[in-house]
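Note: hydrogens, waters and symmetry copies are ignored here, and every other heavy atom, side chains too, is used. Remember, it's 1-based here, ligands and their atoms both numbered in the order they're listed.
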Amino acid sequence: MTGRQFGGEVVLITGGASGIGAATARRLAGHGRRVAVADVDTRGATAVAEECGGLFVRTDVASADDNERAVARTVEEFGRLDAVVLNAAIPGRCGLDDFTPQRYRDTLRTDLDGVAYGLHAALPRLRRQGGGHLVVTGSLAGLTGSPDVFYATAKHALVGLVRSAAPLLRRDRIRLNVVCPGLVDTPAFTSRRTALLSHGLLLAAPDEVAAAIETVLADERTGHAWAVQAGRPATPVEWPEIPLVSRGAAAGRGGTP
Ligand SMILES: NC(=O)c1ccc[n+]([C@@H]2O[C@H](COP(=O)([O-])OP(=O)(O)OC[C@H]3O[C@@H](n4cnc5c(N)ncnc54)[C@H](O)[C@@H]3O)[C@@H](O)[C@H]2O)c1
């Protein structure tokens, strides 16, 4: 989409202070969108918003009220809302061996509740405007699994959320997709960077994922999970068709319904 100008579309980006969210804010603003940067990191998000000529809205995505306020402030500032990138997340706070209910909840409240609340907050506004587009940042961990078990659990749930909700939102002209990056060179990975590189793994630059998000925002398709890896174009995942078994089909195979 490089070079295409999106005259004044308004995009709200959660987790926009750093990494993929910040790269997305910069890229979209550079191509003519007006951006609202929502994050718990006031300093980082204020800097990104200033750089992009956009708005900073202090938002903890784990709070339903904060998500409502982020949408309201964006509309107050720009007069409309065209798209939301539901991107904020944290690595898992525990695994199987150091599990506590609190750490598990801390992971899920940001990585899953944060997206559900953001979706819920944006839908009334998008419906009133006659449509819009929501892009969730998932992860390859949400397609393949990961040793970061509860992070991967949340990311799998986001794929299920998108595949389930997107068909219901078609009638409102609202598109909903999830972008699933592999390894990306962001602050979230600083501690593991050297080890990953020493294993020969490629890390995508944050702007590569931002470019994929921009591509998906401009795409007419809905309900897809898009795999994004270093040096590769965003590609929708092909799912197996699993039709529900009907009485006739079961009888035809000699089975019992
Ligand atoms: N870096 C990777 O390799 C990678 C791979 C796959 C998916 N992802 C996903 O990409 C997205 C962005 O991650 P990143 O790598 O850019 O990480 P990052 O740590 O650089 O950025 C995450 C941002 O989210 C914000 N944030 C955290 N909790 C929040 C909350 N409760 N409310 C509001 N903001 C909050 C942080 O302040 C930060 O600005 C996440 O959804 C992550 O799961 C990252």
Side-chain angles (χ1 to χ4, degrees), residues 12-27 36-49 56-71 84-93 105-118 121 134-148 150-159 161-162 177-193 195-197 201-213 216 225-230 232 234:
L12 170 64
I13 302 155
T14 70
S18 170
I20 293 166
T24 302
R26 290 187 185 107
R27 173 172 271 271
V37 180
D39 208 296
V40 279
D41 173 2
T42 297
R43 186 138 51 121
T46 301
V48 173
F56 161 61
V57 201
R58 209 252 164 217
T59 309
D60 178 355
V61 293
S63 154
D65 287 348
D66 275 17
N67 280 281
E68 302 283 344
R69 202 168 29 249
V71 169
V84 185
V85 181
L86 297 162
N87 165 79
I90 54 170
R93 292 284 196 241
R105 276 307 315 153
D106 286 347
T107 308
L108 273 279
R109 67 195 285 276
T110 304
D111 294 359
L112 179 56
D113 300 357
V115 172
Y117 294 162
L134 296 143
V135 175
V136 174
T137 310
S139 171
L140 276 196
L143 299 170
T144 62
S146 157
D148 191 349
F150 299 108
Y151 172 80
T153 301
K155 295 297 188 181
H156 272 76
L158 296 180
V159 173
L161 171 65
V162 164
N177 287 282
V178 54
V179 164
C180 300
L183 301 172
V184 190
D185 199 359
T186 70
F189 261 102
T190 305
S191 60
R192 284 185 280 163
R193 192 173 189 279
L196 292 166
L197 291 175
L201 293 168
L202 288 181
L203 305 187
D207 187 57
E208 283 186 83
V209 184
I213 290 172
V216 172
W226 300 71
V228 179
Q229 296 225 63
R232 301 197 178 164

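- The minimum heavy-atom distance between L203 and V184, with the atom names listed, is CB-C, 4.5 Å.
- Heavy atoms from other residues, nucleotides or ligands lying under 6.0 Å from CZ of R105 number more than 12.
- At under 3.5 Å, not a single nitrogen or oxygen of S139, backbone or side chain, sits near a nitrogen or oxygen of ligand 1.
- Nearest protein neighbour of atom 31 (N) of ligand 1, counting heavy atoms only, is D60 OD1, 2.9 Å.
- Considering S146, S18, A17 only, the shortest heavy-atom separation from atom 18 (P) of ligand 1 involves S18.
- T46 contributes atom OG1, which lies 10.5 Å from atom CZ of R58 (distance to the nearest 0.5 angstrom).
- Here CD1 of I213 is found 6.5 Å from CD1 of I20. Values are rounded to the nearest 0.5 Å.
- Nearest-residue assignment for atom 37 (O) of ligand 1 (options D66, T24, D39, D41; heavy-atom criterion): D39.
- Not a single heavy atom of G114 sits less than 4.0 Å from an atom of ligand 1.
- From the protein, the heavy atom lying nearest to atom 6 (C) of ligand 1 is P181 O, 3.2 Å.
- Taking every heavy atom of L183 and a limit of under 4.0 angstrom, the matching atoms of ligand 1 come to 3 (O).
- When only interatomic distances are considered, the shortest N/O to N/O separation between V184 and ligand 1 falls below 3.5 Å.
- Side chain of D111 to main chain of Y151: no donor-acceptor pair is present (N/O by atom type, distance under 3.5 Å, no hydrogens or angles).
- With respect to atom 8 (N) of ligand 1, the closest heavy atom belonging to the protein is Y151 OH, 3.6 Å.
- If you number the atoms of ligand 1 from 1 as listed, the ones under 4.0 Å from a heavy atom of G19 come out as 16 (O), 20 (O).
- When hydrogens are left out, the protein atom nearest atom 7 (C) of ligand 1 is G138 O, 3.2 Å; that is the closest non-hydrogen contact.
- For ligand 1 and K155, the ligand atoms under 4.0 Å from any heavy atom of the residue are 40 (C), 41 (O), 42 (C), 43 (O).
- Contact annotation for I20 and ligand 1: heavy atoms of both the backbone and the side chain come within less than 4.0 Å of the ligand.
- Within the model, atoms NE2 of H156 and CG of L161 stand 14.5 Å from one another, a figure rounded to the nearest 0.5 Å.
- Ranking protein heavy atoms by distance to atom 29 (C) of ligand 1, first place goes to V40 CG2, 3.7 Å.
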**OP:** Walk me through it: do D60 and R69 pass the test salt bridge (charged side-chain N to carboxylate O under 4.0 Å, His left out)?
**Re:** CA-CA 10 Å; D60 178 355; R69 202 168 29 249; over 6 Å; no
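- No donor-acceptor pair under 3.5 Å is formed between the side chain of T14 and the backbone N or O of A38.
- When hydrogens are left out, the protein atom nearest atom 17 (O) of ligand 1 is A188 CB, 3.6 Å; that is the closest non-hydrogen contact.
- Annotation: atom 22 (C) of ligand 1 to nearest protein heavy atom, A89 O, 4.0 Å.
- Atoms of ligand 1 lying under 4.0 Å from any heavy atom of I90, numbered from 1 in the order shown and given with element: 27 (C), 28 (N).
- Residue, atom and distance of the protein heavy atom nearest to atom 32 (N) of ligand 1 are V61 N, 2.9 Å.
- Of the inter-residue distances, the one linking D39 atom CG with N87 atom CG reads 9.0 Å to the nearest 0.5 angstrom.
- At a 4.0 Å heavy-atom cut-off, ligand 1 touches T59 through the backbone alone.
- Heavy-atom contacts of G182 reach the following atoms of ligand 1: 3 (O), 4 (C), 5 (C), 6 (C) (cutoff under 4.0 Å).
- The CG atom of L197 lies 9.5 Å from the CG atom of L183; values are rounded to the nearest 0.5 Å.
- To the nearest 0.5 Å, the span separating OG1 on T24 from CD1 on I13 amounts to 6.0 Å.
- Taking only non-hydrogen atoms, the option from T137, L196, T186 nearest to atom 10 (O) of ligand 1 is T137.
- The shortest heavy-atom contact between A45 and A17 is N-CB, 3.4 Å.
- Partner of Y117 under the side chain to side chain contact (heavy atoms under 4.5 Å, CB included) criterion, out of L86, N67, L112, D65: N67 alone.
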